[in-house]
Protein chains: 2
Amino acid sequence: MLNRPDRVSPGTRERVERVMAELGFVRNESARQLRVGKSRTLAYVVLDAGNPFFTDVAAGIDDAADDADLSLFLCNSANRADREAAHLTLLEQQRVQGILITPVDPDAAALDQVARRGTPIVVVDRTRRLEDFCTVAVDDVLGGRLAVEHLVDRGHRRIAVVGGPTSIGQVQDRYAGARAAWTDAGLDPDDLVPLETDAMTVAEGRSAGERLAGLAARRRPTAAFCVNDLLALGLLQQSIGSGRSVPGDLAIVGYDDIEFAAAAAVPLTSVRQPRHQLGRTAASLVLDESTNPDHRHQQVTFTPELVARASTL
Amino acid sequence: MLNRPDRVSPGTRERVERVMAELGFVRNESARQLRVGKSRTLAYVVLDAGNPFFTDVAAGIDDAADDADLSLFLCNSANRADREAAHLTLLEQQRVQGILITPVDPDAAALDQVARRGTPIVVVDRTRRLEDFCTVAVDDVLGGRLAVEHLVDRGHRRIAVVGGPTSIGQVQDRYAGARAAWTDAGLDPDDLVPLETDAMTVAEGRSAGERLAGLAARRRPTAAFCVNDLLALGLLQQSIGSGRSVPGDLAIVGYDDIEFAAAAAVPLTSVRQPRHQLGRTAASLVLDESTNPDHRHQQVTFTPELVARASTL
DNA sequence: TTGTATGCGTTATCAA
DNA sequence: TTGATAACGCATACAA
C-alpha cells in the first residue's frame, strides 16, 4: 500500500499501515495521476461487445495489459458514432495511457485529432487510408479468397456472398477477394450473387436466408459465403428451419470462427482470424507508442486461415 | 467545451474557443475530479465477457448510464479472483460513482470493505447471505423448477442435470428447483442424475455429452437440463456429432436464452432471464445509492420464463 | 462581465 | 530516517 516501504523504519511502517487500515485509507488516483502525469489504464473501444469475435480480441489485449500491470477498460460503442465519440472524449480527458479502437469509421477525423493531441491510438481489425496510425488487421482480401476457393473446390458454380453494409471496408475487401478467386477460376461473374445486409447480425442472416429461398430454383445459389459468423449462423438457422439441408441444399462458409461456429449443430466452415494474437499485438503497439520515444507507426497484417467443417461437407 | 458559455460575452467566448481548438486543449479529468470530488463513470466488473448473457446485461447497464450521462467501463475478471481484486482496487482509487459486479465469490470480504469505505456496489445476477448490498438477481430456484416441469410434461422420467462447479450458489439454486419439481411430480430422486462440470462453457458441455453417451442405454437419461446455454450448446453439438438425434434421443433445456440458443440449428429450449432489465435495474440502484442520501438497500428478484423450442420437441 | 486567489490529495525535492 | 513545502490543473468563491 505504501509507495516505498523500504524507505521507512519497520516500526513507523507498521504503525502507519495499521492506521491506514483502521481509517480505511484509499489512495486518490486522480490526485496521484495529476501529480505524476500518467494513468495506469488502457481502453478498448469496441464496435460490438456482443460479438464473441471482439471479446476474444479483448481477451488478448487484457493479457498484454496484465503483463504490463495495467488495467483494461472496455467501452462499447455499439456501432454508434455518437457513443464512440463520447467515449473517446472522456478517455482523452482521463489521459489514459493508450486507446485501442475498432472504430465505426476508421477514417473519421475525430481519431486523428485525439492522436494529434498526444494520446496513442491503435486501430484494431480495420485499416486506414493513411498510414499515420498503428494498425493491426487481418488480410481480408485473402480471407474472401480462401472462402470462395474452398467452395469452388467443392464444386459450387453459383454462390451467394452475404454481407453489408458495403460501406464497411472489411466487407468490401472480403467481397473483392471472393470476386478475384471466382474470376481466377474462370467462372462467370454473374454467378457470384451479392446479397447485401443492413448489419452483420444473426437476424440479418435469417433475413438473407429468406431472400435466398425466394429465388427461383434454377437461379438459386448452392452455396453462400457470409462475411461473418453471425450472419452465417442466422442463415444456417433459417435454412434448416425451412426444411433445406446444410450442406446438401446450401453449403455455408462463415468468417471469424467464433466459438459458436464450431458448436453449431451443423458445425460451420469458417475463415479463422488470430483474434487473441490481434489483441496482444495491438496492445504491445500502443504500449510502445506510449513509452518508446522513437516509436514508429506500423501496419501489422495477419493471415487468415480456412477451417473446414460440416457446413461445406 | 466551456463550462458556462452563457457567463461570458460572445466575443471573448469565440476568441477563447478558437484558441482552445488551436492549442488542442483537452480538459484534465483528473484535476477536475480532484477538485469536484466525483467521477463521471460507472464500472461493471463482469465474470466472463465472452458469455453473451453478460454482455446483454452490460448493454442494459449501458443504456441506463447513457441516460444519466455517465460512461460505463467494462472490466473482465475472467472468473479469476486476483483479477477481480485488482480491478476493484483501481476502481475504488479512481473514485468511480459506482461499481456493478458479478463476483467470483459474492460473499468475499473484499466487496464489503470497498462498500464500507463508501463506493456504492451492486451485485448483479448473484445473491449474498447478508442483505447489506443492493442485489439484482433472477429466481434461480424457480428457473430450475420451470425447466424440469417442462421435461416432466414432455414425458421424461429420467433426466440429467448438467452444471457446475456446485460451489456456485446459482448452480445450487437451479439444482434445488429441479429437484423440488421432480419430487413434487412424485418421481424417484434417483432418476434425476446430476452431471457435474468444472465450468460453464461449451467445452464442458461437450465433455458432459461424452459422459452421458458412456452410460448403459437403460440407465441413460432421455433428457438433460443444463444450467446454462453454453453447456447446452456443447451438449447439443456432441450429441448430434455422435449421431444421436435431438430431441429424439435426448431432449435438452438450456438456461439464459442467449441469442445463439435460438440460432442453434436445433433451436434450444431455454429458461429466459430478463437480462437487459437486470442491467438497467442494477444501474438505477447504484445511481440511487450514489446520489440519494436516504438510499435503502434492496434485493430485487426477477422471474424467469421458459421458452420452448425444438430441442424439447 | 472579467480577473484573482485558494485548495482538492498526491509525489518529489530539499532540509533537518 | 523523517518532516516540511511546492506544484500538478481545475472549479469555486469573491473582488473588481
task = Report, as a single string ordered 5' to 3', how protein heavy atoms within less than 4.0 Å touch nucleotides 10-16 of chain C: B base, S sugar-phosphate only, - not at all.
result = BBS----
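Every residue was checked against the salt bridge (Lys or Arg N to Asp or Glu O under 4.0 Å) condition with B/Arg126, not counting sequence neighbours, and none meets it.
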key: Worked verdict on A/Ile61 versus A/Arg280 for side chain to side chain contact (heavy atoms under 4.5 Å, CB included)   = CA-CA 5 Å; A/Ile61 299 173; A/Arg280 260 206 168 276; over 6 Å; no
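Pairs of Watson-Crick or G-U wobble type, with distances under 3.5 Å, assemble into runs of 3 or more in DNA chain D at these ranges: C:3-16 with D:1-14.
In this structure, the separation between CG on B/Asn76 and CZ on A/Phe73 is 13.0 Å, given to the nearest 0.5 Å.
A salt bridge is defined here as a Lys NZ or Arg NE, NH1 or NH2 lying under 4.0 Å from an Asp or Glu carboxylate O, and B/Glu84 with B/Arg80 fails to meet this definition.
Judged by distance alone, with hydrogens and angles left aside, the side-chain atoms of B/Thr291 form a donor-acceptor pair with the main-chain N or O of B/Leu287 at under 3.5 Å.
Evaluation of the side chain to side chain donor-acceptor pair (under 3.5 Å) test over residues 48-59 of chain B, restricted to residues two or more places apart or in two chains, returns B/Asp56-B/Arg275. Judged as a side chain to side chain donor-acceptor pair (under 3.5 Å), the pairs with a partner in residues 94-103 of chain B (not counting sequence neighbours) are, in order, B/Tyr44-B/Thr102, B/Gln97-B/Ser290.
Heavy-atom distances to DNA chain C give each of B/Arg13 and B/Leu34 a nearest nucleotide, and the one nearer the 5′ end belongs to B/Arg13.
Atom CD of A/Glu131 has 12 or fewer heavy atoms from other residues, nucleotides or ligands within 6.0 Å.
Taking the 5' to 3' direction, DNA chain D first and last meets chain B under 4.0 angstrom from a heavy atom at D/dG9 to D/dT12.
Put simply, the residue from B/Leu88, B/Leu47, B/Ile101, B/Asp82 that forms a side-chain contact (heavy atoms from CB on, under 4.5 Å) with B/Ser77 is B/Leu47.
Looking at B/Gln273 and B/Asp256, their side chains do bring a donor and an acceptor atom within 3.5 Å of each other.
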